[in-house]
There are 2 protein chains.
Amino acid sequence: MIAVKVSEKSIRRLSHYARCLRLAKIRGESIITSQELATNCGISSAAVRRDLSIYGEFGKQGSGYKVDDLLVNIENILGTTDPPSVIIVGAGSIGCALMISGLAGTAGYTYDSIFDNDPAKIGRYCGEKQIRPIDEISEVIRDKKEVIAVIAVSSGSGQDALEMLVDAGCNAILSFALEPLKAPDNVEVRYVEVSTELDVLTHSMRRKERVN
Amino acid sequence: MIAVKVSEKSIRRLSHYARCLRLAKIRGESIITSQELATNCGISSAAVRRDLSIYGEFGKQGSGYKVDDLLVNIENILGTTDPPSVIIVGAGSIGCALMISGLAGTAGYTYDSIFDNDPAKIGRYCGEKQIRPIDEISEVIRDKKEVIAVIAVSSGSGQDALEMLVDAGCNAILSFALEPLKAPDNVEVRYVEVSTELDVLTHSMRRKERVN
DNA sequence: GCGTGTGAACCTCTTCACAGCG
DNA sequence: CGCTGTGAAGAGGTTCACACGC
């Protein structure tokens, strides 16, 4: 596999293609065209072909792409063939909800464990997992060598959680915290920003009114 | 206010600036520079000035931007001066968690109500709100004229939920569902895609390994 | 004939660097 | 003098349209 530098937008789309392919597989389809993938993902077929051709020639002219093969190739590119463990930091409502709802339909991620610093919560169950004390994070991260951490702590504690994770060796974080977090360059932090999504929706809603 | 066509990325950043400004206001700061906003949001100061200059000349050369004024202006642009009501469809773990955790620190959004189609759940409390039967959605949407709906239903029911919302007149939707949804052109649908975020994180994590 | 892979044109967003104003 | 606002240059991503292979 040749390392190719590539935009995040393209990676996001690969993730979407993978999702479509899993669904196509379930439906029993063995061949899929760029047009079908495009319609399912809400983009143009040229964009799909461009994305895929960056990494290789996966398709067959005149027919399309083999569903199974393309999925394997994309998972290989994403590195999700054997997905890393995911841990949750913060057993509040959001953290527990994530744990309970699980990650079915994804590349095969599973929530490995959930942590909190509130002694009253330790040992209680979220779904099938017991909430663990936060000081056990570092040994968990050392055991699995690669871990993605989801930060779902209450407002204001996000930075503390991040620093604890980074110290323990974690370098991939998905934060539900409202505040922007500071992290070293070698640590990738992504955000789920419900309030920004609401702002974007409000903006487009209000803009439409003005136009009409 | 002149209507300006503008990219979604710029709107997202305006949302971030608004968040920084609210924090600056709480800290009691009255003036802020593009550089400070930039550092807080992890981008360049030129980008901040560019974003803001699209809509007007909000700053003072030599000093910076008045925190209060800039916040008012940005909220005016976003349309969040009086934010629309937000409703939640689906009182599963995610829906309830959102309702319970609320929207503090945002432009002032509040979750107005939560709906489910499971008779066993109707009337039970999520935080301070009772879960309402799904057929009451249309009257709620008619009462408030503008509503953003958050779809947090179980896998496979997302499209049904969307259609019900669209029929009731809702045109702004934030979906936590895994599957991509089809909607009419005049309806804006956005997604919270935890599984795609995990894929992006996995990709960058695995890529780093290869480089080292 | 059909659908992929891709050069080339196009378009959009970002960065640079500096004039101009307080 | 400091910081904004912005023309101009640059970088990056998308779309077009068609040659090529099945």
Side-chain angles (χ1 to χ4, degrees), chain A residues 2-17 20-21 24 29-74 77 196 200 203-204, chain B residues 2 4-17 20-21 24 29-74 77 196 200 203-204 207:
Chain A
I2 322 114
V4 193
K5 77 142 203 270
V6 73
S7 71
E8 183 199 304
K9 299 197 90 177
S10 176
I11 295 296
R12 294 190 77 84
R13 285 192 299 260
L14 289 182
S15 172
H16 296 163
Y17 304 154
C20 287
L21 289 166
E29 298 166 22
S30 63
I31 297 281
I32 197 165
T33 65
S34 60
Q35 182 57 60
E36 290 173 79
L37 278 168
T39 306
N40 276 305
C41 300
I43 59 176
S44 76
S45 66
V48 173
R49 293 199 302 278
R50 173 76 65 192
D51 279 334
L52 297 179
S53 72
I54 295 173
Y55 302 96
E57 308 200 354
F58 302 130
K60 262 209 176 65
Q61 276 129 332
S63 65
Y65 302 86
K66 280 190 184 171
V67 172
D68 286 5
D69 291 0
L70 184 56
L71 182 53
V72 168
N73 278 309
I74 290 179
I77 295 162
T196 294
V200 175
H203 171 79
S204 84
Chain B
I2 321 114
V4 193
K5 78 143 199 267
V6 74
S7 72
E8 184 200 305
K9 298 197 90 174
S10 176
I11 296 296
R12 293 191 78 86
R13 285 192 300 261
L14 289 182
S15 172
H16 296 162
Y17 304 153
C20 287
L21 289 166
E29 298 165 22
S30 63
I31 298 282
I32 197 165
T33 64
S34 60
Q35 182 57 60
E36 290 173 80
L37 278 168
T39 307
N40 276 305
C41 300
I43 60 176
S44 76
S45 66
V48 173
R49 293 199 301 277
R50 174 75 65 190
D51 280 334
L52 296 178
S53 73
I54 295 172
Y55 302 98
E57 308 199 355
F58 301 131
K60 262 208 176 65
Q61 276 128 331
S63 64
Y65 301 86
K66 280 190 185 173
V67 171
D68 287 4
D69 290 1
L70 185 55
L71 182 53
V72 167
N73 278 308
I74 291 179
I77 295 162
T196 294
V200 175
H203 170 79
S204 83
R207 234 184 89 72

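Proteins come first, then strands; the chains are lettered A, B, ... in the order of their sequence lines, and each starts at number 1.
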Going by modelled atom types, is there a donor-acceptor pair between the base of C:dT14 and the side chain of B:Arg50 at under 3.5 Å? no

Roughly, in whole Å, what's the span from CG in A:Leu70 to C1' in C:dT4? 12 Å

If each of B:Gly56 and A:Ala47 is mapped to the nucleotide of DNA chain D with the nearest heavy atom, which maps nearer the 5' terminus, i.e. the 5' end? B:Gly56

Atom CD1 of A:Ile31 and atom C1' of C:dT4: how far apart are they, to the nearest Å? 13 Å

Do the non-hydrogen side-chain atoms of B:Leu52 and B:Leu14 ever get within less than 4.5 Å of each other? yes

Are A:Ile43 and A:Val48 packed together at the side-chain level, in the sense that at least one heavy-atom pair is separated by less than 4.5 angstrom? yes

Under the 3.5 angstrom rule, does the side chain of B:Ser10 hit a backbone N or O of B:Ser7 as a donor-acceptor pair? no

Hey, does the side chain of A:Ser34 come within less than 4.0 Å of C:dT4's phosphate (OP1/OP2), counting only N and O? yes

What closest approach, in Å, do B:Cys20 and B:Leu37 show between heavy atoms, and which atom pair accounts for it? CB-CD2, 3.8 Å

Restricting to side-chain hydrogen bond (donor to acceptor under 3.5 Å, both in side chains), what partner residues turn up for A:Ser45, sequence neighbours left out? A:Arg49

Do we see a donor-acceptor contact under 3.5 Å between the side chains of A:Asp51 and A:Tyr17? yes

In whole angstrom, what separates B:Leu14's CG from C:dC13's P? 13 Å

Do the side chains of B:Phe58 and B:Ile74 get nearer than 4.5 Å, heavy atoms only? no

Any side-chain N or O of B:Ser7 under 4.0 Å from OP1/OP2 of C:dC13? yes

Could you verify whether a donor N or O on one side chain and an acceptor N or O on the other, from A:Gln35 and A:Thr39, lie under 3.5 Å apart? yes

Hey, is the main chain of A:Ile11 close enough, under 3.5 Å, to the side chain of B:His203 for a donor-acceptor pair? no

D:dT15 phosphate, OP1 or OP2, under 4.0 Å from A:Ser44 side-chain N/O: yes

Overall bend - the helix from C:dG1-D:dC22 to C:dG22-D:dC1, comparing terminal axes fitted on five pairs, nearest 10 degrees: 10°

Atom CG of B:Asn73 and atom C1' of D:dT4: how far apart are they, to the nearest Å? 15 Å

Could you give the OH-to-P distance, from A:Tyr55 to C:dT4, as a whole number of Å? 18 Å

Please determine if a side-chain N or O atom of A:Arg12 lies less than 4.0 Å away from the OP1 or OP2 oxygen of D:dG13. no

Using a cutoff of under 3.5 Å, can you pull out all pairs of nitrogen or oxygen atoms linking the protein to nucleotides 17-21 of chain D, with atom names and distances?
residue : atom : partner : partner atom : Å
D:dA17  : N6   : A:Arg49 : NH2          : 3.4
D:dC20  : O2   : A:Gln61 : NE2          : 3.3
D:dG21  : O4'  : A:Gln61 : OE1          : 3.2
D:dG21  : N2   : A:Gly62 : N            : 3.4

Would you mind reading off the distance between B:Leu37 atom CG and D:dT4 atom C1', rounded to a whole angstrom? 13 Å

Rounded to whole Å, please give me the gap between CG in A:Asp69 and P in C:dT4. 15 Å

In whole Å, what is the span from the OH atom of A:Tyr65 to the P atom of C:dT4? 5 Å

